[in-house]
Amino acid sequence: FCTNLIDSGMNPKNVQYLMGHSDPRMTMGLYAHKVDDKVLAARDTIADYLEKNPGIFSEFTEVLDSTGVFDLLSTYGTFTVFAPTNEAMKAYYADSGATSLQDFLADKTYGETARFDALKSMAFYQLIATKAYMVSEFPEGGYFGERNMMNRYISIAYSVANDQLKIIVNGSSEVLLRDQKVHNGVLHAVDKVLVPSNLLLPDYIATDTARYGLFIQALKATELTEML
């Protein structure tokens, strides 16, 4: 029953409520993979997977299609995709001052391309095009060896809550659904859109005193922080 609800396009949070689960990760972990098993044919691509799971990824799929990125995920390759859920995409729209994808498209229609260009950059930011990283290959804290398609490194951290291991991407996006392996790579569902940090280099390294404490002291002592 639960699998059919997700497959029909119902919001996973609504399914969570109906099933009485305390955490959406439980719903995703118990049932979404059953949908995946049904739809993952031998030659399915990431694009195919996204289209076949609209209850979780329809918003992200529309963004990829509107920005011209979707076709890329239909081709041969070794992609890692951090795919925001529908709820994550709606939160991104709100943070961008929009109510839906249509606001971004309207901007483009009227020649105001800044917000649409940012949307396209965001789409590319979710993708690593040079390696398919399964969770077992994630770094043990730190950064992936390969950069994403915006030429930025993506960080991974771990925490434990209620005896469950959480995987946090770029400091704020939790992995909800892991290791969805397809012909041209692997997909991980996340609860927030990955966005680049706005911190300057000295501010960023100051967030990790355990690793960079001595380096931070040296920068301050030589007054090089102002140059950076």
Kindly indicate, with the supporting measurements, whether the criterion side chain to side chain contact (heavy atoms under 4.5 Å, CB included) is fulfilled by Asp191 and Glu87. CA-CA 7 Å; Asp191 69 346; Glu87 292 302 311; over 6 Å; no
Side chain proximity check, Val81 to Leu50, heavy atoms < 4.5 angstrom: no
With a 4.5 Å cut-off on side-chain heavy atoms, are Leu105 and Phe116 touching? yes
Please check: side-chain N/O of [X] versus main-chain N/O of [Y], any donor-acceptor pairing under 3.5 Å?
| X | Y | value |
| --- | --- | --- |
| Asp48 | Thr45 | yes |
| Asn86 | Gly55 | yes |
| Gln126 | Val193 | no |
| Asn184 | Ile46 | yes |
| Gln180 | Arg178 | yes |
| Arg115 | Ser96 | yes |

Do [X] and [Y] land in one hydrophobic cluster if side-chain heavy atoms of ILVMFWY residues count as linked below 4.5 Å?
| X | Y | answer |
| --- | --- | --- |
| Val135 | Ile168 | no |
| Tyr125 | Phe70 | yes |
| Val190 | Leu165 | yes |
| Phe60 | Val186 | no |
| Leu64 | Phe124 | yes |

Distance in Å, [X] [atom1] paired with [Y] [atom2], rounded so as to fall on 0.5 Å steps:
| X | Y | atom1 | atom2 | result |
| --- | --- | --- | --- | --- |
| Ile167 | Ser159 | CD1 | OG | 9.5 Å |
| His188 | Met134 | NE2 | CE | 7.0 Å |
| Thr85 | Lys192 | OG1 | NZ | 11.5 Å |
| Met149 | Thr80 | CE | OG1 | 12.0 Å |
| Asn170 | Ile156 | CG | CD1 | 8.0 Å |
| Met89 | Leu101 | CE | CG | 7.5 Å |

Val182 vs Leu187, test: side chain to side chain contact (heavy atoms under 4.5 Å, CB included). Steps then yes/no. CA-CA 8 Å; Val182 290; Leu187 179 145; over 6 Å; no
Heavy-atom closest contact ([X] atom, [Y] atom, distance):
| X | Y | answer |
| --- | --- | --- |
| Ala98 | Phe104 | CB-CE1, 3.6 Å |
| Tyr158 | Gly141 | CE1-N, 3.6 Å |
| Ala132 | Lys181 | CB-NZ, 4.2 Å |

Residue pair [X] / [Y], side-chain donor-acceptor N/O under 3.5 Å:
| X | Y | answer |
| --- | --- | --- |
| Tyr93 | Glu59 | yes |
| Ser74 | Asp71 | no |
| Asn151 | Arg147 | yes |

Determine the interplanar angle of the Phe138 and Phe82 rings, folded into 0 to 90°, and report it as parallel if under 30°, tilted if 30 to 60°, perpendicular if over 60°. tilted
Within the supplied structure, the quantity of interest is the number of heavy atoms (other residues, nucleotides, ligands) at a distance under 6.0 Å from Glu137 CD; does it exceed 12? yes
List the steps, then state whether side chain to side chain contact (heavy atoms under 4.5 Å, CB included) holds for Ile128 with Asn148. CA-CA 4 Å; Ile128 296 174; Asn148 67 11; 4.2 Å; yes
Can you list the steps and then say if Val63 with Met122 is a side chain to side chain contact (heavy atoms under 4.5 Å, CB included)? CA-CA 10 Å; Val63 167; Met122 178 279 292; 4.0 Å; yes
